[in-house]
Amino acid sequence: MSTTLPTSPKEPKPLTSYPKTKIKVLLLENIHSTAVQSFKTEGFQVELFVGALSEDQLKEKIAGVHIIGIRSKSKITEAVLERADRLLAIGCFCIGTDQVDLAAAEKKGIPVFNSPFSNSRSVAELIIGEVISLSRRLPDKIQEGHKGEWNKSAKGCKEIRGKTIGIVGYGHIGSQLSVLSESMGMQVIYYDVARLMPLGRARACPDLDTLLRTADFVTLHVPDTPQTRNMIGAEQIALMQKGSFLLNASRGCVVDVEALAEALRAGHLGGAAVDVYPVEPEENTKAWKSVLQGCPNTIITPHIGGSTEEAQEAIGLEVSNVLISLINTGSTVGAVNFPEISLPYGGEGTHRILNVHHNKPGVLRDVNNVLSEFNVAAQILGTKKHVGYMIADVESIS
């Protein structure tokens with residue numbers, strides 16, 4: 001079911017040569033109302049879908065759309081992009097962008113934006129809650145209580161104070177989790193492929209194996225890349241201490257869930273918390289199956305790491321603002337697959353020109369030959385792999 005929302009009755013001040021009231025925005029997966037309101041305030045036409053769309057549905061709906069907003073379930077493939085005849089930008093209202101064919105979007109000159117910061121706190125808080133829950137064996141205790149069992153025992157239940165948490169991926173989420181863990185009295189170690197400054201008393205590990213052998217809790221916060229797929233399998237789990245815990249709130253392809261389930265049932269691991277899976281339903285269902293179901297002391301959640309009201313509101317505002325800035329000023333700051341440039345407003349008496357071109361010799365010369373007929377007040381250029389992008393302000397001709 002979709003809803004087409006009316007534009008604001010007040011005609012916005014014209015900032016673009018193309019009427020803003022004709023700009024079409026397609027938002028999928030129940031994106032927060034802050035984004036909807038931001039687009040409506042600009043005068044854009046907004047169509048909102050509660051759920052995700054399949055590839056075939058997207059190929060049909062994307063024609064004529066200028067901006068599309070998605071979360072993690074909708075897949076913007078090369079085949080979908082081939083049908084995008086007017087698409088100016090893609091907004092991922094989440095951290096990850098692996099659901100978009102970034103290379104295909106770049107070749108078509110379509111910048112892709114995401115929200116790298118806004119749900120970091122929500123994910124970090126969830127991990128802290130799960131670390132405590134696993135250490136106190138709450139998943140098992142909760143199940144026993146629902147079955148009518150009263151099993152008061154301290155066996156296997158421990159404090160997290162003084163324990164070591166190993167964070168794999170020390171980015172926005174991992175570094176914030178580092179601070180929260182240390183405030184709970186934990187020792188923090190981390191591993192990242194990049195050299196990053198440790199916060200507080202955290203210590204970097206020279207390699208992943210060292211972290212796995214040392215940590216009481218191993219928590220994963222890495223992107224989906226060829227290097228991270230199945231980075232935790234049977235061999236890596238065997239390196240972990242007996243009775244230790246594994247937590248994954250990054251991407252479902254990072255962990256071999258079959259190997260994880262085997263280690264849990266065999267008693268090598270003391271428990272696990274998993275929020276992401278190799279294959280996830282496109283919409284809510286009561287018939288979902290996972291090999292992890294029924295494993296001892298195991299928390300399985302439906303990809304809710306960033307699903308708090310505060311995070312979704314902040315994401316809606318953050319991503320809609322960068323998309324609006326692109327339309328109004330041409331700014332691509334924050335794009336993950338596109339040259340990141342912006343140019344301050346030239347003021348009255350100037351006209352802004354945006355030019356996307358193939359990044360190859362001779363193109364810029366041809367562009368500048370065209371601009372030579374005008375007085376250029378300001379100009380900036382950026383390039384990235386296959387694409388070049390230029391913003392230029394020229395003085396208006398009276």
Side-chain angles (χ1 to χ4, degrees), residues 2-8 11-29 31-49 52-53 55 57-71 74-94 97 99-102 104-115 315-342 351-357 387 389-391:
S2 69
T3 304
T4 301
L5 301 166
T7 60
S8 171
E11 189 70 20
K13 181 181 178 181
L15 294 176
T16 60
S17 56
Y18 186 79
K20 294 174 71 173
T21 53
K22 292 185 178 181
I23 293 176
K24 296 181 180 180
V25 180
L26 177 63
L27 300 179
L28 309 180
E29 303 180 60
I31 287 170
H32 198 273
S33 59
T34 54
V36 177
Q37 187 56 50
S38 294
F39 291 129
K40 287 176 61 180
T41 300
E42 291 293 317
F44 301 164
Q45 299 177 33
V46 181
E47 186 174 9
L48 182 65
F49 279 76
L53 296 183
E55 183 179 60
Q57 290 172 320
L58 277 169
K59 286 161 68 175
E60 180 181 347
K61 291 295 297 182
I62 205 165
V65 169
H66 298 91
I67 295 173
I68 185 169
I70 62 173
R71 293 180 69 188
S74 299
K75 311 299 182 185
I76 308 297
T77 63
E78 185 174 11
V80 171
L81 291 170
E82 287 176 357
R83 300 289 188 91
D85 54 349
R86 290 183 174 268
L87 195 62
L88 299 176
I90 299 169
C92 297
F93 287 73
C94 51
T97 57
Q99 67 275 42
V100 179
D101 188 329
L102 297 178
E106 179 195 336
K107 289 180 180 179
K108 286 183 67 70
I110 300 171
V112 179
F113 299 89
N114 69 335
S115 176
I315 289 170
L317 192 61
E318 179 185 3
V319 179
S320 63
N321 280 346
V322 296
L323 292 168
I324 290 168
S325 181
L326 171 71
I327 298 297
N328 287 343
T329 72
S331 171
T332 54
V333 174
V336 300
N337 70 326
F338 208 77
E340 293 187 70
I341 61 173
S342 65
H351 184 80
R352 177 154 293 186
I353 297 173
L354 311 177
N355 177 263
V356 181
H357 55 267
V387 68
Y389 180 52
M390 184 198 70
I391 304 174

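Taken to the nearest 0.5 Å, the OG atom of Ser331 stands 11.0 Å off from the CG atom of Leu323. Interatomic distance, Asn337 CG to Glu106 CD, rounded to the nearest 0.5 Å: 6.0 Å. For the atom pair CG (Leu102) and CD1 (Ile110), the distance works out to 11.5 Å, reported to the nearest 0.5 Å. Rounded to the nearest 0.5 angstrom, Glu47 CD and Leu26 CG are separated by 6.0 Å. From Gln45, atom CD reaches atom NZ of Lys40 across 13.0 Å, with rounding to the nearest 0.5 Å. How far CD1 of Ile76 is from SG of Cys92: 8.0 Å, rounded to the nearest 0.5 Å.
Across Leu326 and Pro111, no two heavy atoms sit closer than the pair CD2-CG, 4.0 Å. Contact record, Asn114 with Thr97: CB-CG2, 3.7 Å, taken as the closest heavy-atom pair. Listed here is the closest heavy atom pair of Ala105 and Leu81: N-CD1, 3.5 Å. Between Ile324 and Phe44, the shortest heavy-atom distance links the atoms CG1-CE1, 4.2 Å. Contact detail for Gly109 and Val356: the closest heavy-atom pair is CA-CG1, 3.8 Å. Heavy-atom minimum distance, Lys24 versus Val65: O-CG1, 3.8 Å.
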Problem set entry | Stepwise side chain to side chain donor-acceptor pair (under 3.5 Å) check, Glu340 with Thr332 | CA-CA 5 Å; Glu340 293 187 70; Thr332 54; over 6 Å; no
Problem set entry | Audit row: Ile31, Ile70, side-chain contact (heavy atoms from CB on, under 4.5 Å) steps and yes/no | CA-CA 7 Å; Ile31 287 170; Ile70 62 173; 5.7 Å; no
Problem set entry | Worked verdict on Lys20 versus Asn328 for side-chain contact (heavy atoms from CB on, under 4.5 Å) | CA-CA 9 Å; Lys20 294 174 71 173; Asn328 287 343; 2.9 Å; yes
Exercise. Going through the distances and angles, do Leu27 and Phe39 end up as a side-chain contact (heavy atoms from CB on, under 4.5 Å)?
Worked result: CA-CA 10 Å; Leu27 300 179; Phe39 291 129; 3.9 Å; yes
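When atom types are taken as modelled, the side chain of Asp85 and the backbone of Gly64 share a donor-acceptor pair closer than 3.5 angstrom. Panel note: side chain Tyr389, backbone Leu354; no donor-acceptor pair is recorded below 3.5 Å. Arg71 places no side-chain N or O within donor-acceptor distance of the main-chain N or O of Cys94, the cut-off being under 3.5 Å. Judged by distance alone, with hydrogens and angles left aside, the side-chain atoms of His66 form no donor-acceptor pair with the main-chain N or O of Leu88 at under 3.5 Å. Formation of a donor-acceptor pair under 3.5 Å by the Asp101 side chain with backbone atoms of Lys75 is not found in this model. Of the possible donor and acceptor atoms, one in the side chain of Ser38 sits under 3.5 Å from a partner among the backbone N and O of Thr34. No donor-acceptor pair under 3.5 Å is formed between the side chain of Ser33 and the backbone N or O of Val36.
Contact check for Glu55 versus Val80: side-chain heavy atoms found under the 4.5 Å cut-off. Using a 4.5 Å cut-off on side-chain heavy atoms (C-beta onward), Ile68 and Leu58 make contact. In this structure, the side chains of Glu42 and Ile327 stay at 4.5 Å or more apart for every pair of heavy atoms. The shortest distance between side-chain heavy atoms of Pro339 and Val387 falls below 4.5 Å.
Looking at Glu82 and Lys59, no side-chain N of the basic residue comes within less than 4.0 Å of a carboxylate O on the acidic one, giving no salt bridge.
In this structure, a donor-acceptor pair under 3.5 Å is absent between the side chains of Gln99 and Ser74. Side-chain contact check for Glu318 and Ser115: at least one donor-acceptor pair (N or O, by modelled atom type) lies under 3.5 Å.
Around atom CD of Gln57, more than 12 heavy atoms belonging to other residues, nucleotides or ligands sit under 6.0 Å away.
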